[in-house]
A.B. asks: 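Please find one structure pasted underneath; my questions will follow.
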Amino acid sequence: MKTNLLAIIVFFAFFYSTTNAQDFRLGKVSVAELEEKEHPKDPSAVAAILFKKGEVKFEYSENYGFQVVTEVKTRIKIYKKEGYEWATQEVGYYLDKDLNENVLFKEAVTYNLVDGKIEKTKLKSDGEFVEKVNKYWEEKKITMPNVKEGSVIEFDYTIRTSLTGYIRDWYFQTSIPVNYSEFTTSIPEYYKYKSNQKGNVLLKTTVLKNSNNIVMNNKERSGGQGFSAVQTTFSQDKIDYIETQTTYLAKDLPAMKEEAYVNNIDNYISSISHELAMTNFPNTPIKYYSTNWESVVKTIYNYDDFGPELNKTGYFEPDIKALLAGKTIQNERISAIFDYVKTTVKWNNYKGYSCNDGVKKAYKDKTGNTAEINLMLTAMLRYAGLDANPVLVSTRDNGITFFPSRNAFNYVIAAVETPEGLILLDATEKYSAPNILPLRDLNWIGRLIRKDGTSTEVDLMPKTQSKEAINMSVILKSDGSAEGKLRKQLTNHEALGFRKEYLATNNDSYLEKLETNYNNIEISDYVRENDLDLSKPIIEIFAFKDTKDIEVINDKIYLSPMLYLVSKENPFKQEIREYPVDFGYPTQEKYNININIPEGFIVESIPQSLNIATGENVGAFKYMIANSGNSIQIVITKDINTSIVQADFYPVLKDFYQQMIDKENEKIVLKKI
C-alpha cells in the first residue's frame, strides 16, 4: 500500500512539474504567462524575455557553397506600457551582393487574454518594413500588432549569409530580465572558430560530435555521334563530415541596468562571440586567420581600402607643400596639417577603418568617412616628414576590444610618434586638438600599425586633467536674494565638449537652458570668449540674480556657499557596482567664491573646512572657508585623477562623493544684529 501511494505521489509530482514547466516552442503560450502581472524576480521590469533560442548551422548549396544560417526564436512578456518598445524588433544585414545576406521574419504573433481565452493576432505585411541604416547596412523591422499591458509576443527570424568568417554575437542578457537563453552552433570540421565569452554569468556548456554530409549532384552527357541520341546521366556523390555542436545555456538572468559613468553597458553583458581562426578543406592547404593582434592588424593593413590608401599622395602634394612653406617646427607642422584637414574635409558621420570611395575622392568632394579623413591625415603627416601611423580604435558605442578580432575595431585615427610620446589626432571632429580626442574615441585601448606591419598597444585614455574653474562674487541681500558675477573657464576635453554641444546653439536658447540648469537664476550681461580659438580655454562671464537658493527664517539667513552650483545628490546610488566607473578623462573643478554679508547681519556659524582623499590617487577634495569682516571666502577643489576606476573601488568612491555632497550642502548661518 505504501509503495502504491509513493508511486502516485511521484506520478503527480512529475505530471505537475511537466505541465507547469515553460514550453520553449513557439505557439505554446500558456494562460499562466498571460495572467502574470509582474516579473516574479524583478517587479520593476517593464518586460521580460521568457525565452530566446538561437541556432547557427552551416548549409551547403552548389551555387553558394557553405552558408551560415542563424535562426532565432523569442517569446517576450510585456508588463507595462514602457515595455511597448519591445514590440518593435529590428535585425540588421550587410548590403553586399556577393554575400547574398538576407533576413526573414516568420511566425510573429501577439497573444492576449480576452475573457479567459487566448486571442492570437498575427503580424501582417504592413507591420514589416525595411529601413536603410547607411550605405553598408539595412534593417528588417517588425512592429507587433495589438500589443497591450499583459501581452506576450513571439517571433522567429532567420539570417542567411555566405559570410562564413563571422558568426553573430549572442547576448544572454539585456536591459530586461531574461528567464531562459540558449545558443547552439553546429560547425563543420572544415572550420575552426575561436570563441570568446564576456560577462560574469556562468554558462552551462555541452559539446557533441555529429555526423553530417554534403550531397553533390553530377550531370554527364554522352552519345550524339552519327544518328545516336544524346544521353544524360545523373549521379550523386555524398561527402561525409563531422560537425561540432556546442550549446550554451543560461537561466534567470537579471536586467542589465544603466548606472552613472558607465562607458557602454554592452561591454559587461554576458555574451559569446566567435572569430574564424582556420579553414581546412579537403585537398586544400590549411588557411589561418586572425588569432592574435599581430595577425589581425596585418590583415587589416593589407586590405585594399586601408594600407594602399596611405601610399597615395599626388592628390594633395601641391597644397600641403604650400601650406608648410616656412614652417620648420614639428608641432607647427602637425597643427597646420591637422587644422587643414579638419576645415577642408567634412566627416559624413560614417565610421569604419575602411575607405568607402577612397582618399582621393574624399579630398576632391570635401567629404568622407572616418577612414578617408584620418588615413588622408596620416599620409599628409608622413609627407611632411613626420613619423605618423594609423591607430585602430573601437568607439565607445562599439564596445571594448577584449579579444583579437578584425571586427573588434570600427574606427581609425592618426598618431605621430615623437621622443616625448604619441600625439593622437582625429580630424573628424572640428573642435578637437592634438591629444584632445572626441569622447567617442576614449575607449581604453587602440592598436597603432606601422608600415612594416608591426603594431603596438595605445592607451587612449587621457592623463592630463580637463579643468573647470569658476570665480564667483556674491552680494547677499537681507530679503533672501543675491546678485553677483561669475567667470567660468573650461580647458581640454571640457572645452571640446562645450564647443561641440553649444556653439551651434542659438544664444537665447543656450541662456534659457543655463538659467534652468542653475536653479532658475536670472542671467544678464553674458559674454563668451575663445569660441573658435582651440588653443585657448572657453571663457564665460555673466551677471546673475538668485532668489531660489537662500532662506530667511526668523531673522536668520541660511545658504550653501555654492548657491546654485551645489550638487544635490550622489550619482552613485547602487550598493554594489559590477562595472568600472568610467569618467572619460581626469578632471578638476575649482571654485573661488566671495560672499558679501548684508548690512545688519553677522556670521553665526559657517561649515568646517575639510580635506579628504580616496587613496590610490583616485580623487581628492579640499574645502576651505573663512570669514573676515563682512565677507566670506570659499575655495573648493575637486580632483578626479584617473579616467577609469575599477568596480572593487566603488564603495570608497561612493563614500567619497557622499562626503563631498554633504559638505557642499552644509549651510552658512547669518543672524541679524
Side-chain angles (χ1 to χ4, degrees), residues 22 24 39-54 56 72 74 76-77 86 167-185 193-207 246-275 293 394-405 407-408 442-445 461 570-584 616 618 642-655 657:
Q22 191 172 17
F24 299 129
H39 192 271
K41 295 187 177 181
D42 185 358
S44 67
V46 299
I49 295 176
L50 302 183
F51 78 80
K52 185 175 182 180
K53 297 177 71 175
V56 173
V72 179
T74 309
I76 299 175
K77 170 73 177 184
W86 286 89
I167 294 176
R168 295 191 177 216
D169 295 352
W170 183 263
Y171 293 91
F172 293 91
Q173 289 177 284
T174 185
S175 59
I176 57 176
V178 179
N179 293 2
Y180 183 94
S181 183
E182 177 183 306
F183 183 57
T184 301
T185 61
Y193 290 85
K194 184 178 180 181
S195 62
N196 300 303
Q197 182 184 341
K198 286 194 304 185
N200 298 320
V201 173
L202 182 62
L203 303 178
K204 181 182 178 181
T205 306
T206 57
V207 180
T246 308
T247 300
Y248 308 91
L249 174 62
K251 297 180 181 180
D252 298 325
L253 303 167
M256 296 291 286
K257 297 181 180 179
E258 290 284 356
E259 296 181 311
Y261 299 106
V262 174
N263 173 331
N264 178 349
I265 201 165
D266 287 348
N267 290 325
Y268 313 106
I269 288 176
S270 289
S271 64
I272 196 83
S273 63
H274 292 79
E275 175 80 2
W293 285 121
S394 174
T395 56
R396 286 177 165 247
D397 59 0
N398 192 58
I400 299 168
T401 55
F402 286 108
F403 312 108
S405 168
N407 301 312
L442 305 183
N443 197 30
W444 292 33
I445 300 297
M461 306 310 287
N570 194 335
F572 304 111
K573 298 178 173 61
Q574 290 76 17
E575 290 300 318
I576 299 173
R577 173 94 172 204
E578 296 183 355
Y579 334 119
V581 176
D582 189 332
F583 291 108
E616 298 187 24
V618 170
T642 183
S643 301
I644 299 169
V645 180
Q646 295 305 320
D648 59 2
F649 200 77
Y650 175 74
V652 175
L653 190 67
K654 179 182 178 181
D655 181 65
Y657 265 76

A.B. asks: Which residues satisfy the side-chain contact (heavy atoms from CB on, under 4.5 Å) test with Q646, sequence neighbours excluded?
C.D. replies: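 Once residues adjacent in sequence are excluded, the partners of Q646 under the side-chain contact (heavy atoms from CB on, under 4.5 Å) criterion are P580, I644, D648.
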A.B. asks: Quick test of your reading: applying side-chain hydrogen bond (donor to acceptor under 3.5 Å, both in side chains), list the pairs with at least one residue in residues 40-52, sequence neighbours left out, ordered by first then second residue.
C.D. replies: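 Pairs touching residues 40-52 that pass the test: K41-D252, D42-S44.
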A.B. asks: side-chain hydrogen bond (donor to acceptor under 3.5 Å, both in side chains) with H39: which residues, sequence neighbours excluded?
C.D. replies: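 Per chain and number, H39 pairs via side-chain hydrogen bond (donor to acceptor under 3.5 Å, both in side chains) with N179.
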A.B. asks: Measure the OG1-NZ distance between T74 and K53 for me, rounded to the nearest 0.5 Å.
C.D. replies: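 That separation rounds to 11.0 Å.
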A.B. asks: Please set out all donor-acceptor pairs under 3.5 angstrom arising from side-chain atoms of residues 394-404, sequence neighbours excluded.
C.D. replies:
residue	atom	partner	partner atom	Å
S394	OG	N398	ND2	3.0
S394	OG	G399	O	2.4
S394	OG	A408	O	3.3
T395	OG1	D397	OD1	2.6
T395	OG1	N410	OD1	3.3
T395	OG1	N410	ND2	2.9
R396	NE	L439	O	3.1
R396	NE	L442	O	2.9
R396	NH2	L442	O	3.1
R396	NH2	D582	OD1	3.0
R396	NH2	D582	OD2	3.4
D397	OD1	K351	NZ	3.2
D397	OD2	K351	NZ	2.5
N398	ND2	A408	O	3.2

A.B. asks: Between atom CG of N443 and atom CG of N264, what is the distance when rounded to the nearest 0.5 Å?
C.D. replies: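 N443 atom CG to N264 atom CG measures 7.5 Å (nearest 0.5 Å).
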A.B. asks: Rounded to the nearest 0.5 Å, what separation is found between the NZ atom of K257 and the CD atom of E578?
C.D. replies: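 Those atoms lie 11.5 Å apart.
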A.B. asks: Can you list everything that forms a ring pair (Phe, Tyr, Trp, His ring centres under 6.0 Å) with F583? Sequence neighbours excluded, please.
C.D. replies: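 With sequence neighbours excluded, F583 shows a ring pair (Phe, Tyr, Trp, His ring centres under 6.0 Å) to Y261, given in chain and number order.
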A.B. asks: List the atom of R168, the atom of F183, and the distance in Å for their closest heavy-atom pair.
C.D. replies: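 Taking R168 first and F183 second, the nearest heavy atoms are O-CZ, 4.2 Å.
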A.B. asks: Can you tell me how far the OG1 atom of T185 sits from the OH atom of Y193, to the nearest 0.5 Å?
C.D. replies: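 The OH atom of Y193 is 9.5 Å from OG1 of T185, to the nearest 0.5 Å.
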A.B. asks: What's the spacing between E275 CD and K194 NZ if we round to 0.5 Å?
C.D. replies: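 Those atoms lie 8.5 Å apart.
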A.B. asks: Checking the side chain of Y650 only, and the main-chain atoms of Q574 only, is there a donor and an acceptor separated by less than 3.5 Å?
C.D. replies: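 Present.
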A.B. asks: Would you compute the distance between atom CG of L249 and atom CG of L203 and round it to the nearest 0.5 angstrom?
C.D. replies: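 The CG atom of L203 is 8.5 Å from CG of L249, to the nearest 0.5 Å.
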A.B. asks: Once ring pair (Phe, Tyr, Trp, His ring centres under 6.0 Å) is applied, do any residues pair with Y268, and if so which ones, sequence neighbours excluded?
C.D. replies: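 Y579.
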A.B. asks: Under 3.5 Å, which donor-acceptor pairs do the side chains of residues 169-177 form with other protein atoms, sequence neighbours left out?
C.D. replies:
residue	atom	partner	partner atom	Å
W170	NE1	S181	OG	3.1
Q173	OE1	S270	N	3.0
Q173	OE1	S270	OG	3.1
Q173	NE2	P254	O	3.4

A.B. asks: Quick one: are I49 and Y180 in side-chain contact, heavy atoms under 4.5 Å?
C.D. replies: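 No, side chains not in contact.
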A.B. asks: Restricting to salt bridge (Lys or Arg N to Asp or Glu O under 4.0 Å), what partner residues turn up for E259, sequence neighbours left out?
C.D. replies: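 E259: salt bridge (Lys or Arg N to Asp or Glu O under 4.0 Å) contacts with R577.
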A.B. asks: According to salt bridge (Lys or Arg N to Asp or Glu O under 4.0 Å), who are the partners of K654, at least two apart in sequence or on a separate chain?
C.D. replies: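 Scan of K654 (salt bridge (Lys or Arg N to Asp or Glu O under 4.0 Å), adjacent residues dropped) gives E575.
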A.B. asks: For T642, enumerate each residue passing the side-chain contact (heavy atoms from CB on, under 4.5 Å) test, keeping only those at least two apart in sequence or located in another chain.
C.D. replies: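 Only V618, V645 meet the side-chain contact (heavy atoms from CB on, under 4.5 Å) criterion with T642.
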A.B. asks: Quick check: closest heavy atoms across D266 and I269, and the distance to 0.1 Å?
C.D. replies: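 Taking every non-hydrogen atom into account, OD1-CD1, 3.2 Å.
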A.B. asks: Would you please name every residue forming a salt bridge (Lys or Arg N to Asp or Glu O under 4.0 Å) with K573, sequence neighbours left out?
C.D. replies: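 Here the qualifying residues are E569.
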